[in-house]
Amino acid sequence: MNAQPTFYRERIYPLLFMFIVTFLCILLTAGIYLLTQDRASANELSFTRRAILQAGGVSFENTTAGIELAFNEKIVVEDGYYTTQGPEGTRYIIPLQGPGLWGTIAIMVGLEEDMKTFSGLAIVSQNETPGLGARIEESWFTGQFQGKTAPFVMVEEGTASAQNEVDAITGATRTSEYFLNLTNRAADDAQSIIRGE
Amino acid sequence: MAKNTLRKTFLEPLGKNNPVFVQILGICSTLAVTNKLQNTLVMTLGVMFTTALSSFTLSLLRNHIPSRIRMMVETMIIATFVIIVDIVLKAFYPEMWKQLGPYVGLIITNCIIMGRVEAFALQNKPMLSLVDGLASGLGYTYVLLAIAFVRELLGTGSLWGFRILGSWWTNWSIMIMPPGGFFVLAILIWVIRETIMKEAKA
């Protein structure tokens, strides 16, 4: 007689309870996810477009609408890369990715018509240490590649002077090294991407 | 009587039962996110939201949760609120979401949240648990902001991203690295325990 209520209370009820809680939680999060999905993917698209504009050295207003306007006006989408018209002819904007310290670093590199000189560079995504390696996102770091030609040499933060020198990030030596490898293969990769290999 | 309990519940986590400098909980995130004021604020708001609502929800369910699976239920509910924070940040504050990166998801592992649920919400009424959760979040927030203030100022010479100290200032890079978090937190705990808390006891 007593066995059945115990069995229910000890085995069935916890299972049922967990099942219902899980179901409700998933329903709630899935609902909110679906409600905000459009906004989230629009944000992501906007981030990528902003990176392309920055790499191409195109000026734009930093709002979702401003980014879209500048992108539609100035950027030509090619197969696997982008182009824009700079003062010195066509600029090629190439998506690149490579390993970082913790995860993949994805960047956009803008190259002048000579396919060697950088017109700009922007980070699309990275997972480096916040406050240290993640400083590759800061504009002083990405901006210093502009007008320079690979291969680059990393020097101590704040001491870059020559045409191929860039400042490394203090406290993020490994991230800086990975980033250097990535930018140094940009010119070669650009050739093969544009030739469609 | 009821008013007194409410007052006590609200004030204790801010002072003599502070989750960070008395209970020494949530240290992982204290060390990780406090190198920038802005990130710290968003992170602590996320923690406050999660602690308050998960304490409230679990207190509502407290008489129905089978005790042997209560931790699973707690984790599930806490995780749900954290995912909501993550989704909302991603949709409405994408820049902030990008900067915080993996830390938002790590709110789940903040021991303050589960600690308050286990220690308080499971024995108390929902509204009181909500207040306790909020106050614990607030106690966590102001301590973290104080640490972030010191670390950002000494480590980058700026506050809230704006340059405060002139170019003569040499950034103490150690301050924005994890060891800086340990130093500032330890000094803070020491100062508070030696001064304010000693006086209160005497």
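Chain letters run A, B, ... following the sequence lines, proteins first, then strands; residues in each count from 1. For clarity, every value in this text was computed on a predicted model and none was experimentally measured.
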Participant: Between Tyr92(A) and Tyr81(A), how do the two ring planes meet: parallel, tilted or perpendicular, split at 30° and 60°?
Facilitator: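 It falls in the tilted class, 30° to 60°.
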Participant: How long is the span from the OG1 atom in Thr44(B) to the CG atom in Leu144(B), to the nearest 0.5 Å?
Facilitator: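 Taking OG1 in Thr44(B) and CG in Leu144(B), the distance rounds to 6.5 Å.
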Participant: Between Phe145(A) and Phe141(A), what is the ring plane arrangement, given parallel below 30°, perpendicular above 60°, and tilted in between?
Facilitator: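 Because their plane-to-plane angle is over 60°, the rings of Phe145(A) and Phe141(A) count as perpendicular.
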Participant: Which of residues 168-185 of chain A get closer than 4.5 angstrom to chain B, counting heavy atoms alone?
Facilitator: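 Residues of residues 168-185 of chain A touching chain B at under 4.5 Å: Thr170(A), Gly171(A).
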Participant: Pick one of side chain, backbone, both or neither for Ile20(A), based on which atoms fall under 4.5 Å of a heavy atom in chain B.
Facilitator: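 Looking at Ile20(A), nothing touches chain B.
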Participant: Applying salt bridge (charged side-chain N to carboxylate O under 4.0 Å, His left out), can you list everything that pairs with Glu78(A), at least two apart in sequence or on another chain?
Facilitator: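 Partners of Glu78(A) by the salt bridge (charged side-chain N to carboxylate O under 4.0 Å, His left out) criterion come out as none, since no residue qualifies.
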Participant: A side-chain contact here means heavy atoms from C-beta on lying under 4.5 Å apart; do Met96(B) and Asn39(B) qualify?
Facilitator: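 Answer yes - side chains close enough.
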Participant: Just checking heavy atoms, which of residues 37-66 of chain A are less than 4.5 Å from chain B?
Facilitator: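 Contacts with chain B: Arg39(A), Ala40(A), Asn43(A), Glu44(A), Phe47(A), Arg50(A).
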Participant: Work out which heavy atom in Val184(B) is nearest to a heavy atom in Met175(B); give both atom names and the distance.
Facilitator: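 Heavy atoms of Val184(B) and Met175(B) come nearest at CG2-SD, 3.7 Å.
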Participant: So Leu145(B) and Leu37(B), do their side chains get closer than 4.5 Å, heavy atoms only?
Facilitator: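 Yes, close enough: below the 4.5 Å cut-off.
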Participant: So which pairs with a foot in residues 22-33 of chain A pass side-chain hydrogen bond (donor to acceptor under 3.5 Å, both in side chains), sequence neighbours left out?
Facilitator: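 Applying side-chain hydrogen bond (donor to acceptor under 3.5 Å, both in side chains) to every pair that reaches into residues 22-33 of chain A, excluding sequence neighbours, yields nothing.
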Participant: Is the shortest heavy-atom distance from the side chain of Val155(A) to the side chain of Val166(A) under 4.5 Å?
Facilitator: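 Contact flag for Val155(A)/Val166(A) side chains = no.
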Participant: Can you name the nearest heavy-atom pair linking Glu10(A) to Pro14(A), along with the distance?
Facilitator: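 So the minimum-distance heavy-atom pair works out to O-CG, 3.5 Å.
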Participant: If you count heavy-atom pairs under 4.5 Å with chain B, which of Ile26(A), Leu24(A), Leu35(A), Thr36(A) comes out on top?
Facilitator: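 Greatest number of close heavy-atom pairs with chain B: Thr36(A).
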Participant: Would you say the ring centers of Phe56(B) and Phe81(B) fall short of 6.0 Å from each other?
Facilitator: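 Centroid distance Phe56(B)-Phe81(B): not below 6.0 Å, so no.
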Participant: Please look at Leu28(A) and chain B and tell me whether the side chain, the backbone, both or neither of the residue comes under 4.5 angstrom of a heavy atom of that chain.
Facilitator: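 Only the side chain of Leu28(A) comes within 4.5 Å of chain B.
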Participant: Side chain from CB out, backbone as N, CA, C, O: work out which of these in Ile65(B) comes under 4.5 Å of a heavy atom of chain A, or both, or neither.
Facilitator: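 Both parts, heavy atoms under 4.5 Å.
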